[in-house]
Amino acid sequence: MLSAGLLISSLWVNLQGQAVDPEADTPVALVCQASALAPCLTLLPPQVYASLPNAERLQASLGRRGAMAVPIQSGTLAGLVLMAPEQLPDQIQTIVGGLSHRLELPRQQQLTLWHELGHLHISSLPGSAAYSAWQHEALADLYLLWVSAQNEGDLQGGWQQYHRRNLQLLNDIEHLSHWSVPVLFTALQTFSLQQLLAMSDFNELIAQLSLLPGGSGWPKPDKLNEFASLTKRLFGTGSMQALPGYLYWIRGTLGDMLKPSLRELMGEKGAAQLMKEHALGAENAASVGTQGNAM
């Protein structure tokens, strides 16, 4: 665990987030605090340092985000991770069922580091340029799920990111760009903790889920847009009760993906009632599908 270590201005880590010597014979990344970026950058090899934008430009690229990965791929150097902990949330709030709910986000700085290291790993894969921006984000969260299991021996970190992504989408469908839940849902339904722990190579997980570039495991972009449209209709600001047949064919799948997060927020009984009202989840969508097919 590096939560305390991440508070210092610079840190060399391997791609599982463990502190290492920068000369180690393994892919490494330099983690820099945005508040001390300029001196941190000088720790890079001179030729790499000279090729990068200066600290001011990197700060501008980071903006108000909590972190950013900069792939480099020079020898064993996989890249640079900028961290701005003050921009990372420690909780997320949403209004569901007419009530405000809050989800605590412990260790978000550690999870964010793993996500950014995932970006560096994915950028090093052959053919990675073929991934869309959304696919890159989904794989970075899948990496977070895998590496947190490897480091901590449980799925808590992966589930926290899963719930965070769902709640962000409920709050604003602009977060569709980072909504990795379709990929995380498949992984969590397919593999047990023991199976994930047995995968010493993240690339094996990508291959088993058919998530190589052009792989069959990816949802189609139009399907993602349908999920976002139904989510906005049911949960967005000024939302209204959608017609029962509206996007009936995805209500089962969307509900199944939202269910764990709704249970985390509302408890099992509250989540079940809300999903019934919105005809979400396989158990509620079947009758709506029958009506839709008859239309």
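Heavy atoms only: backbone and side chains are in, while hydrogens, waters and symmetry mates are out.
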Check: residues 78-99 side-chain donor-acceptor pairs under 3.5 Å, at least two apart:
from	atom 1	to	atom 2	distance (Å)
Thr94	OG1	Asn171	OD1	2.6

Name the atoms and distances for all side-chain donor-acceptor pairs under 3.5 Å in residues 261-272, with sequence neighbours left out.
from	atom 1	to	atom 2	distance (Å)
Ser261	OG	His163	ND1	2.8
Ser261	OG	Asn166	ND2	2.9

Self-check item: Co-membership, hydrophobic cluster, residues Tyr131 and Leu120, 4.5 Å side-chain
Solution: yes
Quiz prompt | Side-chain heavy-atom pair Arg251, Asn284 within 4.5 angstrom cut-off | solution = no
Quiz item: Side-chain donor-acceptor pair under 3.5 Å between Gln160 and Gln156, yes or no?
Solution: no
Practice problem: Would you check if Gln168 and Glu174 make a side-chain contact, meaning some heavy-atom pair closer than 4.5 Å? | Solution: no
Practice problem: Look only at the side chain of Thr253 and the backbone of Ile250, and say whether a donor-acceptor pair between them is shorter than 3.5 Å. | Solution: no
Quiz item: Among the clusters formed by ILVMFWY side chains lying less than 4.5 Å apart, do Leu11 and Leu30 turn up in the same one?
Solution: no
Quiz item: Can you tell me if Gln195 uses its side chain to pair, donor with acceptor, with the backbone of Ser192 under 3.5 Å?
Solution: yes
Quiz item: Are the side chain of Arg164 and the backbone of Leu105 linked by a donor-acceptor contact shorter than 3.5 Å?
Solution: no
Quiz item: Is there side-chain contact between His119 and Met68, with at least one heavy-atom pair below 4.5 Å?
Solution: no
Quiz item: Quick one: do Leu113 and Ile72 end up in the same hydrophobic cluster if we chain Ile, Leu, Val, Met, Phe, Trp and Tyr together by side-chain heavy atoms under 4.5 Å apart?
Solution: no
Quiz item: Which pairs with one or both residues in residues 209-226 pass side chain to side chain donor-acceptor pair (under 3.5 Å), sequence neighbours excluded?
Solution: Glu226-Trp249
Quiz item: Taking a hydrophobic cluster as the set of Ile, Leu, Val, Met, Phe, Trp and Tyr residues connected by side-chain heavy atoms closer than 4.5 Å, whether directly or through intermediates, do Leu37 and Leu44 fall within one such cluster?
Solution: yes
Quiz item: Does Asp256 use its side chain to pair, donor to acceptor, with the backbone of Ala282 at less than 3.5 Å?
Solution: yes
Quiz item: Shortest non-hydrogen contact from Pro219 to Leu224?
Solution: CG-CD2, 4.2 Å
Practice problem: Sequence neighbours left out, what passes ring pair (Phe, Tyr, Trp, His ring centres under 6.0 Å) with Tyr143? Give chain and number order. | Solution: His121, Trp146, Phe202
Quiz prompt | OG1 on Thr231 to CG on Asp172, rounded to 0.5 Å | solution = 11.5 Å
Quiz item: Under 4.5 Å between any side-chain heavy atoms of Gln273 and His278, yes or no?
Solution: no
Quiz item: How many angstroms lie between CG in Asp154 and OG in Ser148, if you round to the nearest 0.5 Å?
Solution: 7.0 Å
Self-check item: pair Ser229-Lys232: side-chain heavy atoms closer than 4.5 Å
Solution: no
Identify each donor-acceptor pair in which a side-chain atom of residues 58-67 lies under 3.5 Å from a protein atom, sequence neighbours left out, and give them as a table.
from	atom 1	to	atom 2	distance (Å)
Gln59	NE2	Ala34	O	2.4
Ser61	OG	Arg57	O	3.2
Arg65	NE	Leu62	O	3.3
Arg65	NH2	Ser61	O	2.6

Quiz item: With distance as the sole criterion, is a donor-acceptor pair present between the side chains of Arg107 and Gln110 under 3.5 Å?
Solution: no
Quiz item: When you measure from the side chain of Gln108 to the backbone N and O of Gln161, does any donor-acceptor pair fall under 3.5 Å?
Solution: no
Quiz item: Would you say the side chains of Ser180 and Tyr162 form a donor-acceptor pair under 3.5 Å?
Solution: no
Quiz item: Is any side-chain heavy atom of Val31 less than 4.5 Å from a side-chain heavy atom of Ser10?
Solution: no
Quiz item: Got a sec, which residues hit side-chain contact (heavy atoms from CB on, under 4.5 Å) with Pro22, two or more places apart in sequence or on another chain?
Solution: Trp12
Quiz item: Does Leu209 belong to the same Ile/Leu/Val/Met/Phe/Trp/Tyr cluster as Leu155, with side-chain heavy atoms less than 4.5 Å apart forming each link?
Solution: yes
Quiz item: Is Thr190 reaching over with its side chain to a backbone N or O of Ala187, donor-acceptor style, under 3.5 angstrom?
Solution: no
Quiz item: For residues Asn151 and Gln18, is any side-chain donor paired with an opposing acceptor at under 3.5 Å?
Solution: yes
Quiz prompt | Side-chain donor/acceptor of Gln150 to backbone N/O of Val147, under 3.5 Å | solution = no
Quiz item: Do other residues, nucleotides or ligands put more than 12 heavy atoms under 6.0 Å from Glu104 CD?
Solution: yes
Exercise. Measure the shortest side-chain to side-chain distance between Thr26 and Thr76 over non-hydrogen atoms and say whether it is less than 4.5 angstrom.
Key: no
Quiz item: Do other residues, nucleotides or ligands put more than 12 heavy atoms under 6.0 Å from the CD atom of Glu204?
Solution: yes
Quiz item: Would a 4.5 Å heavy-atom cut-off, applied to side chains only, mark Glu137 and His115 as touching?
Solution: yes
Quiz item: Okay, side chain of Trp134, backbone of Trp179: is any donor-acceptor separation there less than 3.5 Å?
Solution: yes
